[in-house]
J.: 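Handing you a structure now.
Numbering starts at 1 and runs along the sequence shown. Keep in mind it's a predicted model, so treat the numbers as computed, not measured. Numbering of ligands and ligand atoms starts at 1, following listing order.
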Amino acid sequence: MNSPQSTDARSKERIAIVGLGLIGGSFASALKQNGYTGYISALVRTDAAAAKAIASGYVDHASTDAQSVISNADVVLLAVPMLAMRAQLQLVKPFLKPGCVITDAGSVKGPFVEDAQSVLNDMAYVVPGHPIAGREKSGIDAVDAALYQGKRVLLTPLDSTLPIAVELVTRLWQQCGAVVESLAVDHHDRVLASTSHLPHALAFALVDTLSSGQQHEEIFRYAAGGFGDFTRIASGDAVMWRDIFLTNKSAVCDALDAFNLHLAELRDAIESEDGDKLEAVFKRAKQSRDEHFETTTTITTKQKR
Ligand code: NAD
């Protein structure tokens, strides 16, 4: 593997991206835009996708042939839906050169670690990762070179992961403009179940509930800005979100159970006209949000310190 310190080695570094959609494409695009001098190739599923990828200018090479994309790679980034990870690991495994670093961008880390352990056996060069950045559009047409600018990327290396592998992946995400942090696999999946997966479940359920009501046209016509803000995330890709909920089942169900309890209490307070209780809940929620959510998810200077 190339030394992370050597500029000359970096200019010869080769990255292979498996799945050139929003996340993989934005990774390539951000690197190129920020002056990355290495070689980027992409493993795609159709010749048309390969032609489109090359025309985009984000990658130097794209192909449906795993061997041509993977065999010289120093780093492989898997950026496919969660339930496609295992098959892609099996596909690339025969072509991985010794010391190649394998990383991913999947939204749930436990299942990726299990897949990597069972397919690759050796976890020394595996660096699970998750960019806390995204949008509701998917596919290569949604690629955004600024997607990771100022956003967090969470890495969940195992004790057996080599520091040099973590350093390499960290450096690449930093070159995309991201701020990299590490945390434990299980901790990641529990935190994200509450902060990302639960809100998405609520948005999907809310929009679906209102859409199936008899007066749904009227409801959407008179919806205020808050409704649009709250439900924006319900436009996310159905396959990606199906996979996230199925692979983080236990943590998401715990988060939903806790939320259901709170919602039932709120309903009781409304029915029993308990204004004090309602006011107390709303004040607590406002205070908490105002304290912890200074801007959007962009990391502010204060938070970086
Ligand atoms: P995307 O739909 O934009 O791109 C997915 C890519 O994977 C496409 O190139 C597609 O052709 C390929 N793909 C899909 N199914 C496949 C299969 N069965 N086998 C092989 N390739 C397949 O999705 P994305 O938003 O780039 O998400 C990629 C990964 O990143 C997912 O694991 C997702 O959980 C994670 N992620 C997404 C976001 C987000 O907001 N979109 C944020 C952080 C992490």
J.: Indicate yes or no: does Asp141 engage Lys52 in a salt bridge with an N to O separation below 4.0 Å.
T.: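 Looking at Asp141 and Lys52, the cut-off is met.
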
J.: Could you say whether the N/O atoms of Arg45 and ligand 1 ever approach to under 3.5 Å?
T.: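 Yes; the residue has a nitrogen or oxygen that sits under 3.5 Å from a nitrogen or oxygen of the ligand.
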
J.: Taking only heavy atoms of Gly106 into account, list the atoms of ligand 1 that are under 4.0 Å away from them.
T.: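 Atoms satisfying the 4.0 Å criterion: 32 (O).
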
J.: Between Ser107 and ligand 1, is there a nitrogen or oxygen pair with a distance under 3.5 Å?
T.: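 For ligand 1, there is an N or O atom that lies under 3.5 Å from one belonging to Ser107.
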
J.: Is Leu22 in polar range of ligand 1, meaning some N or O pair under 3.5 Å apart?
T.: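 Yes - when backbone and side-chain N and O of Leu22 are compared with those of ligand 1, one distance drops under 3.5 Å.
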
J.: Report yes if Ile23 has an N/O atom closer than 3.5 Å to an N/O atom of ligand 1; otherwise report no.
T.: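 For ligand 1, there is an N or O atom that lies under 3.5 Å from one belonging to Ile23.
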
J.: At less than 4.0 angstrom from any non-hydrogen atom of Gly19, what atoms of ligand 1 do you find?
T.: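 Numbered from 1, ligand 1 contributes 6 (C), 7 (O), 9 (O).
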
J.: Could you tell me whether Arg190 and Asp254 have a side-chain N and a carboxylate O separated by less than 4.0 Å?
T.: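 Salt bridge: yes.
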
J.: Near Ser138, which atoms of ligand 1 are under 4.0 Å from a heavy atom of that residue?
T.: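 Matching atoms, with element in brackets: 1 (P), 2 (O), 3 (O).
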
J.: List the closest protein heavy-atom neighbour of atom 39 (C) of ligand 1: residue, atom name, distance to the nearest 0.1 Å.
T.: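 Of the protein heavy atoms, Met240 CE, 3.7 Å lies nearest.
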
J.: Can you tell me if Gly25 has a non-hydrogen atom under 4.0 Å from ligand 1?
T.: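 Heavy atoms of Gly25 never come under 4.0 Å of ligand 1.
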
J.: Does at least one non-hydrogen atom of Leu20 fall below 4.0 angstrom from an atom of ligand 1?
T.: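 It does; at least one heavy atom falls under 4.0 Å.
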
J.: Under a 4.0 angstrom heavy-atom cut-off, which atoms of ligand 1 come close to Ala105?
T.: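 Counting from 1, the qualifying ligand atoms are 30 (O), 35 (C), 36 (N), 44 (C).
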
J.: Need the ligand 1 atom indices (1-based, order shown) with element for anything under 4.0 Å from a heavy-atom of Met82.
T.: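 Counting from 1, the qualifying ligand atoms are 32 (O).
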
J.: With a heavy-atom distance limit of 4.0 Å, tell me whether Pro81 approaches ligand 1 through its side chain, its backbone, both, or neither.
T.: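 It is both backbone and side chain that touch ligand 1.
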
J.: Decide whether an N or O pair under 3.5 Å exists between Gly139 and ligand 1.
T.: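 Indeed, backbone or side chain, Gly139 has an N or O that close.
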
